[in-house]
Amino acid sequence: MLKDYLRLHFLVLLWGFTAILGKLISLPPVELVFWRTFLATVGLAALLVIRKQSWNIKPADVLRLLSVGVLVAIHWITFFLAARLSSVSVCLAGMATLALWASLLEPLVLWRRVRIYEVGLGLLTMVGLYLVSQAELDQLLGLGVAIISAGLSALFSVLNSKLVKQHSPLRLTFYEMLGACLAIALFLPVYKQYFTAGAGLHLVPATLDWVWLFVLSGACTVYAFSSSVELMKRLSAFVVNLTINLEPVYGIILAVLIFGAQEKMSLNFYLGTLVILFSVLVHPVLDQWNQRRRKPAPVEAVL
């Protein structure tokens, strides 16, 4: 279990780096996510062939996985858009609402009882988010888009926690990346017509963009995404989402190291991230307490 938690934290570190990559890559968010999902699909297909894993699943399951892929595409587009509308740090702070989203969505989708302490931790995360928003009033639009992105992320994470019990993580991730790529490809004509203000599409990456795109699609997508799905076999969707709340902490540290003064925020911003960090650290303690409380007491033998 400890190994799974450490691996999950490494994945969160990679995801914290994705917002930085979104700043480094010159492509607009939609074109960026198209290349990310296209390269990831090709990479995952190659892995399926190398590992000789079966492609065959039921048509109904294909549609389910492709549909989740559409959610992934919208999540990533809004995520990178939030990073462009605000700073990397504010974008990542908005993603901290994953805990609250998960505490609401997981009982609805998985039909399990609501855990009061999970809702409480989600609300605590919102307190941290409030401190962040009060500190950075000029970046509220980006923060709002990031919150929407977090909701989409929580939704497909909860859905994947069910789907991973039926499909291998690699095959599941392949079909979801394929669904994301196809959804964006179909959306591109509409996007070009109505959302580019006459500027057209920017589908040709610059030379340095290719380097960052391969890092984004390889390490931060193929490896991180498939590994997170695998971990959902052993960790609940809420635990995964709550740990992802560390993404702002890791990402902010990386952003300050890479971008310097432009990513430094006010005191309230960092107080908010500390509240988020506390909600992550206290969850395993409360979870263990809840399991012990619900465990039936041993029946004493009658002599």
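Only a predicted model underlies this, so the values are computations on that prediction, with no experimental measurement involved. Along the sequence shown, the residues carry numbers beginning at 1. Side chains are part of it too, since the values below use all heavy atoms of this structure and drop only hydrogens, waters and symmetry mates.
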| query | Which atoms form the tightest heavy-atom contact between Leu105 and Gly151, and what is the distance? | reply | CD1-O, 4.0 Å
| Same cluster for Ile20 and Phe214 if Ile/Leu/Val/Met/Phe/Trp/Tyr side chains link at under 4.5 Å? | yes
| message | Pair Leu216, Trp35 - check side chain to side chain contact (heavy atoms under 4.5 Å, CB included), show working. | response | CA-CA 10 Å; Leu216 181 63; Trp35 279 110; over 6 Å; no
| Side-chain ion pair, Arg7 and Asp4, N-O less than 4.0 Å | no
| Would you say the side chain of Ile25 lies within less than 4.5 Å of the side chain of Pro205, judging by non-hydrogen atoms? | no
| said: Within this structure, what is the CG-CG distance for the pair Leu131 and Leu274, rounded to the nearest 0.5 Å? | reply: 10.0 Å
| field | Enclosure of Phe38 CZ (heavy-atom neighbours >12, cutoff 6.0 Å) | value | no
| query | Any donor-acceptor pair under 3.5 Å linking the side chain of Lys23 with the backbone of Val88? | reply | no
| field | Check against side chain to side chain contact (heavy atoms under 4.5 Å, CB included), Leu155 and Trp101 | value | CA-CA 8 Å; Leu155 178 58; Trp101 284 112; over 6 Å; no
| query | Where the side chain of Arg171 meets the backbone of Leu48, is there a donor-acceptor pair that is under 3.5 Å apart? | reply | no
| query | Could you give the distance from OH (Tyr191) to CD1 (Ile77), rounded to the nearest 0.5 Å? | reply | 8.5 Å
| query | Do Asp61 and Tyr175 touch side chain to side chain, with heavy atoms closer than 4.5 Å? | reply | no
| Hphob cluster co-occupancy, Ile50 + Tyr223, side-chain heavy atoms under 4.5 angstrom | no
| query | For His9 and Tyr250, does a side-chain donor sit closer than 3.5 Å to a side-chain acceptor? | reply | yes
| said: Could you report the tightest heavy-atom contact between Gly200 and Lys192, atom names first, then the distance? | reply: CA-CG, 4.2 Å
| message | With rounding to the nearest 0.5 angstrom, report the OG to CD1 distance, Ser153 to Ile74. | response | 13.0 Å
| task | Start with the C-alpha gap between Leu159 and Lys162, add the side-chain angles, then the distance that decides, and say whether side chain to side chain contact (heavy atoms under 4.5 Å, CB included) holds. | result | CA-CA 6 Å; Leu159 293 173; Lys162 293 179 62 177; 5.5 Å; no
| Under 3.5 Å: donor-acceptor pair, side chain of Asp209, backbone of Ser26 | yes
| message | Donor-acceptor pair, distance only, cut-off 3.5 Å: does the side chain of Glu31 make one with the backbone of Leu203? | response | no
| task | List the atom of Pro189, the atom of Ala185, and the distance in Å for their closest heavy-atom pair. | result | CD-O, 3.5 Å
| field | Same apolar cluster: Phe174 and Val49, side chain cutoff 4.5 Å | value | yes
| Are Leu108 and Leu152 co-members of a hydrophobic cluster defined by side-chain heavy atoms under 4.5 Å apart? | no
| remark: Of all heavy-atom pairs linking Leu11 and Ala224, the shortest is CD2-CA, 3.6 Å
| query | Are any non-hydrogen side-chain atoms of Leu85 and Val90 less than 4.5 angstrom apart? | reply | no
| Does some side-chain heavy atom of Phe259 sit less than 4.5 Å from a side-chain heavy atom of Leu24? | yes
| task | Output the distance between atom CG (Leu32) and atom CG (Leu81), rounded to the nearest 0.5 Å. | result | 11.5 Å
| task | Report the distance from atom CG of Leu13 to atom CG of Leu254, rounding to the nearest 0.5 Å. | result | 5.5 Å
| Does any non-hydrogen side-chain atom of Thr37 lie less than 4.5 Å from one of Val72? | no
| message | Looking at every heavy atom in both Ser217 and Ala40, which two are closest together, and how far apart are they? | response | CB-N, 4.0 Å
| request: Determine the minimum heavy-atom distance between Ala180 and Gly69, stating which atoms define it. | output: CB-O, 3.2 Å
| Short question: side chain of Ser86, backbone of Leu143 - any donor-acceptor pair under 3.5 Å? | no
| Any donor-acceptor pair under 3.5 Å from Gln139 side chain to Ser87 backbone | yes
| query | Checking Arg36 against Trp76: charged group under 6.0 Å from the ring centre and within 45 degrees of the axis? | reply | yes
| message | Please check this pair: side chain of Asn160 against backbone of Ser157, looking for a donor-acceptor N/O pair closer than 3.5 Å. | response | no
| message | Any heavy-atom pair between the side chains of Phe79 and Thr18 that's under 4.5 Å? | response | yes
| query | About how many Å separate CZ of Phe156 and CG of Leu163, when rounded to the nearest 0.5 Å? | reply | 12.0 Å
| message | I'd like to know if Phe278 and Val275 are part of one continuous hydrophobic network [Ile/Leu/Val/Met/Phe/Trp/Tyr, side-chain heavy atoms within less than 4.5 Å]. | response | yes
| task | Would you confirm whether Thr221, through its side chain, and Gly218, through its main-chain N or O, come within 3.5 Å as a donor-acceptor pair? | result | no
| query | Would you say the side-chain atoms of His75 pair up with the backbone N or O of Ser149, donor to acceptor, closer than 3.5 Å? | reply | yes
| Do Phe187 and Phe195 come within less than 4.5 Å of each other through their side chains, counting heavy atoms only? | yes
| task | In sequence, state the C-alpha distance, the side-chain angles, and the governing distance for Thr173 and Val222, and then conclude on side chain to side chain contact (heavy atoms under 4.5 Å, CB included). | result | CA-CA 8 Å; Thr173 309; Val222 174; over 6 Å; no
